[in-house]
Asker: 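I have a structure I would like to understand better, so I am pasting it below and will then ask my questions one at a time.
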Amino acid sequence: SLAADVELHCFSHEGFGEGAGPRREALVQVALQVAFYRAHGSLCATCEPLSLRRVLPGCTDLLRPPGPPCLALARALDDPDAQPEVLLALLREAVEAQDSRAQEVLSGQGAERHLQGLRQAALAAGEPLPEIFLDPAYAQATHF
C-alpha cells in the first residue's frame, strides 16, 4: 500500500536510518501512536520514561507523544488519496515534534515532573488541588 511504501521509505531515509539515535526513537514512538490509532480509532495516552541524569542524576521524567501531529499523520495514512509528499511531510512534522519534546524532557524542562511537583506541594500543604488536576482532560491524558 501507499502508506507502507512511505513508512518503508522513511525508515531508510537519511536521518531516520541506522544510528539515527534520538530521531529513530522519535520515529518509533510516532509509529506506535499510529498503530494505537489504527487499533482503537483514537490516540492512546502513552508515555516513555527518560533519565534526567544530565541535569538531575537519579531522576526520571515522562515523555508523552505530540498528539496533534500524530493524529494528523494517522488519519492521512488511512486516506487512500493521500499523496506521498504529504505523508512524508506529516511524518517529519510528527517526528520533529517528538524529538523536540524529548530534548525538553532531557534538559529538565518536561511538564510531567513539574506538574507532579505542583500536585505534591499542594497535597503536602493541605491545599486543594489546582483545577488542572480535576479536569477530565487531565484524567484522560494520565490514564493508561
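The analysis underlying the following values was restricted to heavy atoms, covering all of them including side chains, and did not include hydrogens, waters or symmetry mates. The shown structure was predicted, so the numbers you read here are calculated from the model rather than taken from an experiment.
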Asker: Working to the nearest 0.5 Å, report the span between CD of Glu96 and CG of Leu27.
Answerer: 12.0 Å
Asker: Applying the side-chain contact (heavy atoms from CB on, under 4.5 Å) criterion to Gln98, which one of Glu25, Glu48, Glu93 satisfies it?
Answerer: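 Exactly one candidate clears the test, Glu48.
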Asker: Can you tell me how far CD of Gln140 sits from SG of Cys44, rounded to the nearest 0.5 angstrom?
Answerer: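 That separation rounds to 10.0 Å.
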Asker: Restricting to side-chain hydrogen bond (donor to acceptor under 3.5 Å, both in side chains), what partner residues turn up for Gln33, sequence neighbours left out?
Answerer: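 Scan of Gln33 (side-chain hydrogen bond (donor to acceptor under 3.5 Å, both in side chains), adjacent residues dropped) gives Thr46.
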Asker: Mind checking salt bridge (Lys or Arg N to Asp or Glu O under 4.0 Å) for Glu112 and listing every partner two or more places apart, or none if nothing turns up?
Answerer: Arg64
Asker: Side-chain contact, heavy-atom cut-off 4.5 Å: Arg101 with Gln29?
Answerer: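 Contact flag for Arg101/Gln29 side chains = no.
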Asker: By the rule that ILVMFWY residues connect when side-chain heavy atoms come within less than 4.5 angstrom, directly or transitively, which residues belong alongside Tyr37?
Answerer: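 Joined to Tyr37, directly or through intermediates: Leu43, Leu71.
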Asker: Tracing side-chain links under 4.5 Å among I, L, V, M, F, W and Y, which residues wind up in one group with Val105?
Answerer: Leu50, Leu52, Val55, Leu56, Leu63, Leu106
Asker: Can you tell me how far apart CZ (Arg92) and CG (Asp99) are? Round to the nearest 0.5 Å.
Answerer: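 Between atom CZ of Arg92 and atom CG of Asp99 there are 12.5 Å.
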Asker: Provide the full list of ring pair (Phe, Tyr, Trp, His ring centres under 6.0 Å) pairs with a residue in residues 89-140, sequence neighbours left out, each pair given once.
Answerer: Phe133-Tyr138
Asker: Taking side-chain hydrogen bond (donor to acceptor under 3.5 Å, both in side chains) as the cut-off, I'd like each qualifying pair that reaches into residues 119-137, sequence neighbours left out, listed once.
Answerer: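 Not a single pair qualifies under side-chain hydrogen bond (donor to acceptor under 3.5 Å, both in side chains).
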Asker: When rounded to the nearest 0.5 angstrom, what distance separates CG in Leu77 from CG in Leu90?
Answerer: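 So the gap between those two atoms works out to 8.0 Å.
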